[in-house]
Amino acid sequence: MNTKQWKMREGFLLGAGLIAVGVLLQIVVGPIVWSALAWPVNIIVLAVLLAAMGVMFALRRRVPFFEWMMHNGAAVPAMVYALGLTIIMGLTMQTPMGGLPWISRMVRFWPFTLAWGWVMLISGLATLNHLLRFKLREIPFVLNHLGVFVAVVAATFGSGDGALGGLWLKAVYAGILMMMAGAICLMLFMAPKPPKEEEEGR
Amino acid sequence: MIWNNFVWFAIVALLLWIAGAVFAWKGRKPLVYLFTFAGIAVFFAFILGAWITLERPPLRTMGETRLWYSFFMPVAGIIVYSRWRYKWILTFSTIMAAVFIFVNLFKPEIHTKELAEALQSPWFAPHVIVYMFAYAMLGASAAMAVYLLFISKKEPTTKEMNITDNLVYAGTAFLTLGMMMGALWARQAWGNFWTWDPKETWAAATWLCYLVYIHLRRGKPADWQMPLTVALIAFICLQVCWWGINYLPSAAGSVHVY
């Protein structure tokens with residue numbers, strides 16, 4: 001398959017596939033048991049994930065799919081799927097027992113986790129792509145994408161141990177601070193410049 | 001008690017803002033600033049009075065949050081006006097402020113009960129005010145989207161898209177700051193950064209939707225219809241997040257519903 005030409009449409013198809021895989025997992029494996037991510041499983045899974053990201057990044061020139069994953073064509077559909085499931089979650093009463101099957105326990109629903117995980121993976125890869133350019137103007141991008149990646153990943157993997165603590169906690173704080181700094185950058189440096197000419201608007 | 005005086009402050013502030021908006025149409029810049037800031041000062045005097053009388057920041061009830069919304073609409077309006085000189089923006093912000101003033105006048109939701117312990121925090125005021133500012137900026141961006149999609153109906157100019165982008169960027173930045181402050185506060189108060197409380201769920205949805213707008217615009221700057229439609233969907237999410245969840249059965253157990 002030639003992934004060089006991949007755009008947003010392929011992203012939507014891939015996202016649909018991811019949801020289907022999630023549903024399949026939900027049926028076969030059952031709902032996600034987050035406590036399974038307790039030490040040392042969390043650190044092992046995270047290490048594998050980070051190593052996989054490193055490999056994907058290293059092979060991005062040879063495997064166009066990995067290159068595609070670092071850009072908007074992948075990011076927008078991923079966010080749309082995560083958004084759709086989050087809206088469903090917002091419209092459904094979340095309860096540990098009863099309610100609707102699957103979606104009343106959205107945080108334990110595989111497609112929800114896979115969709116958000118996909119967003120985070122893309123965000124992490126995009127970070128690597130911009131981080132290694134070592135340019136001053138990449139700082140806002142890196143703060144925004146690395147911030148959300150670090151905060152969400154550390155909070156998710158760290159909470160497998162029950163109470164968030166130690167390095168996990170520090171990482172979440174670091175991620176949050178990066179996101180806040182990134183937000184200020186978004187406003188000050190990333191927004192398009194207003195027209196210089198003080199002409200009257202409509 | 002304090003609400004009995006509200007009508008006088010509100011009328012004076014509103015008249016000053018209307019005058020500011022009228023002078024904006026006439027291109028009388030100094031008078032625009034004079035009247036708008038005078039209105040802001042009068043309205044803030046009421047907020048300050050309420051703050052002192054209540055012995056806490058007036059941020060607890062829907063009525064009190066609407067007070068801040070009425071206050072920040074003209075503030076956001078005058079900032080946008082001073083930067084881009086859009087004549088209509090002050091009319092928009094005045095109308096929005098008026099809507100919330102009238103809601104407060106005709107449906108006063110006055111709660112006298114003490115603040116919940118978790119709310120007695122230094123995070124309280126910045127968290128809500130930053131969100132209010134986000135709501136105001138994003139409200140203005142939604143107005144731009146409606147104008148460009150349904151009223152002007154022709155391809156927007158670069159300047160028009162720039163102002164929409166700017167409003168969304170600034171609004172999303174405030175949204176992010178508010179959300180992060182909320183997470184830090186939640187950690188302090190409840191021990192968790194994020195619990196997928198219905199308000200948080202809708203905040204995440206809103207945030208994500210605005211991020212879709214930003215990514216669409218950065219990916220293909222020539223596209224405008226889809227991003228503007230996304231901006232409107234995001235604004236609907238924002239309304240659900242802000243007040244809609246009070247009416248959603250799924251959010252009945254939320255710690256944010258009051």
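Values below: all heavy atoms of this structure, side chains included; hydrogens, waters and symmetry mates excluded. Here the structure is a predicted model, which means the values were calculated and not measured. The sequence lines fix the lettering, A, B, ..., with proteins before strands; numbering per chain opens at 1.
- A distance of 10.0 Å separates NE2 of B:H215 from CE of A:M8, quoted to the nearest 0.5 Å.
- With a 4.5 Å cut-off on non-hydrogen atoms, B:W194 does not touch chain A at all.
- When B:A204, B:C209, B:C241, B:P198 are compared by the number of non-hydrogen pairs under 4.5 Å with chain A, B:C209 comes out ahead.
- Counting heavy-atom pairs under 4.5 Å between each of B:I89, B:L184, B:L208, B:V240 and chain A puts B:L208 at the top.
- Contact annotation for residues 168-183 of chain B against chain A (heavy-atom separation below 4.5 Å, listed by residue number): B:Y169, B:A170, B:T172, B:A173, B:F174, B:T176, B:L177, B:M180, B:M181, B:A183.
- Applying the 6.0 Å contact sphere to CG of A:L167 captures no more than 12 heavy atoms from other residues, nucleotides or ligands.
- The contact list for residues 80-94 of chain A toward chain B, using heavy atoms and a distance under 4.5 Å, reads A:V80, A:A82, A:L83, A:T86, A:I87, A:M89, A:G90, A:L91, A:T92, A:M93 by residue number.
- With chain A as the partner, the residue from B:V212, B:L211, B:V230, B:T206 showing the most heavy-atom pairs under 4.5 Å is B:V212.
- Within a 6.0 Å sphere centred on CZ of A:R9, other residues, nucleotides and ligands contribute 12 heavy atoms or fewer.
- Closest non-hydrogen pair, A:M190 versus B:R218, comes out as O-NH1, 3.6 Å.
- For residues 169-185 of chain A, the interface with chain B (any heavy-atom pair closer than 4.5 Å) comprises A:L169, A:V172, A:Y173, A:I176, A:M179, A:M180, A:A183, A:I184, sorted by residue number.
- Residues of residues 99-126 of chain A lying under 4.5 angstrom from chain B, judged on non-hydrogen atoms, are A:V107, A:F112, A:W116 in numerical order.
- If you measure heavy-atom distances from B:L216 to chain A, the contacts under 4.5 Å come from both the backbone and the side chain.
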